Amino acid sequence: MSLILNQIRKAYVTPTGAEQVILDIPAFSLDQGEQVALVGTSGSGKTTLLNVAAGITTPDSGTVTVGGVEITRMLEPVRDRFRSERIGYVFQTFNLLGAFTALENVLLGMSFSSQPANRHLAIELLGRVGLGDRLHYRPSQLSVGQQQRVSVARALAKTPRLLLADEPTANVDGPNQQAILELMQTTCRENNVTLLLVTHTSEVASQFSRVERLASFNQAATSTSTPYSMGVN
Ligand SMILES: Nc1ncnc2c1ncn2[C@@H]1O[C@H](COP(=O)(O)OP(=O)(O)OP(=O)(O)O)[C@@H](O)[C@H]1O
């Protein structure tokens, strides 16, 4: 599905009560099946942009159109169902359900989508992210990097039409980073899934033919951002 952001504005109220505009985006879009890396300084609004694209955060103004459907016009329950069925999201903070095992988390992610839970696919994906021997571990029994990999498997398992990934390899080592990135890119390519992936790492960004710097299309001046030099900013 294509993703089109048009005239998006999003401001937050700071603890002092002032309004701070985080996103002021005249236009930003991805074609169906396109794979884009999004880079930018910490605090510049990358997660906010993904949340707006997913319909989790409502923009103050502007429209978000996913696969030709304007999700900003939908009532919240309809938008929630649209997201569950068609959008995969690898959250920066994983958002795994603590009472459930790795396998159950992936199966639950599938059950919220339109397709029936496919245990075979869930086990295969967990194996492909290197967690074949951790299927029955709960999040608290997994390392942070392992939890991140469960989150990747969960997002892919529902075979979304749009995949949003917020630094999905931030907590894993080099070989795992490469394996996860390849899995995401290959799966998206094979299924014509649109991929928007936030990264701070130049090795990750370099594997995308299109790399977008948020500041290049966001007119909001996020002066709170503190540049740091882990990689791409
Ligand atoms: N609910 C909120 N209320 C007020 N300010 C917020 C809220 N959520 C985010 N912000 C502010 O919006 C700005 C952008 O946050 P966001 O998480 O989108 O940045 P980011 O680019 O993803 O950062 P990072 O690379 O560190 O993950 C930050 O300055 C943050 O303080």
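When a ligand or atom number is given, it counts from 1 through the structure's own listing order. Fair warning: this is a prediction, and the values are worked out from it, not measured in the lab.
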Do I4 and V66 come within less than 4.5 Å of each other through their side chains, counting heavy atoms only?
no

Have T93 and N95 got a donor and an acceptor in their side chains that come within less than 3.5 Å?
yes

Quick one: which of S42, G45, A170 has a heavy atom closest to atom 26 (O) of ligand 1?
S42

On the six-membered ring of F208, is R210 placed so that its NZ or CZ lies under 6.0 angstrom from the centre and within 45° of the ring axis?
no

Atoms of ligand 1 less than 4.0 Å from Q92 heavy atoms?
27 (O)

Any nitrogen or oxygen of K46, main chain or side chain, under 3.5 Å from a nitrogen or oxygen of ligand 1?
yes

Quick note on ligand 1: atoms under 4.0 Å from a heavy atom of I22 include exactly 12 (O), 13 (C), 14 (C)

Inspect the contact between R9 and D24 and indicate whether a charged nitrogen and a carboxylate oxygen are less than 4.0 angstrom apart.
no

Enumerate the atoms of ligand 1 whose separation from the nearest heavy atom of H200 is less than 4.0 angstrom.
25 (O)

Residue list, side chain to side chain contact (heavy atoms under 4.5 Å, CB included) with R128, at least two apart or on another chain
E124, L183

Which ligand 1 atoms, with their elements, are less than 4.0 angstrom from a heavy-atom of T41?
21 (O)

Under 4.0 Å from one or more heavy atoms of T47, ligand 1 contributes atoms 17 (O), 18 (O), 20 (P), 22 (O)

So, 4.0 Å and heavy atoms of N51: is ligand 1 close enough to count as a contact?
no

Heavy-atom contact check, 4.0 Å cutoff: does G40 meet ligand 1?
no

For V13 and ligand 1, does the shortest N/O to N/O distance drop below 3.5 Å?
no

Using modelled atom types and a 3.5 Å cut-off, is there a donor and acceptor pairing between side-chain atoms of S111 and backbone atoms of A117?
no

E104 side chain vs T101 backbone, donor-acceptor pair below 3.5 Å
yes

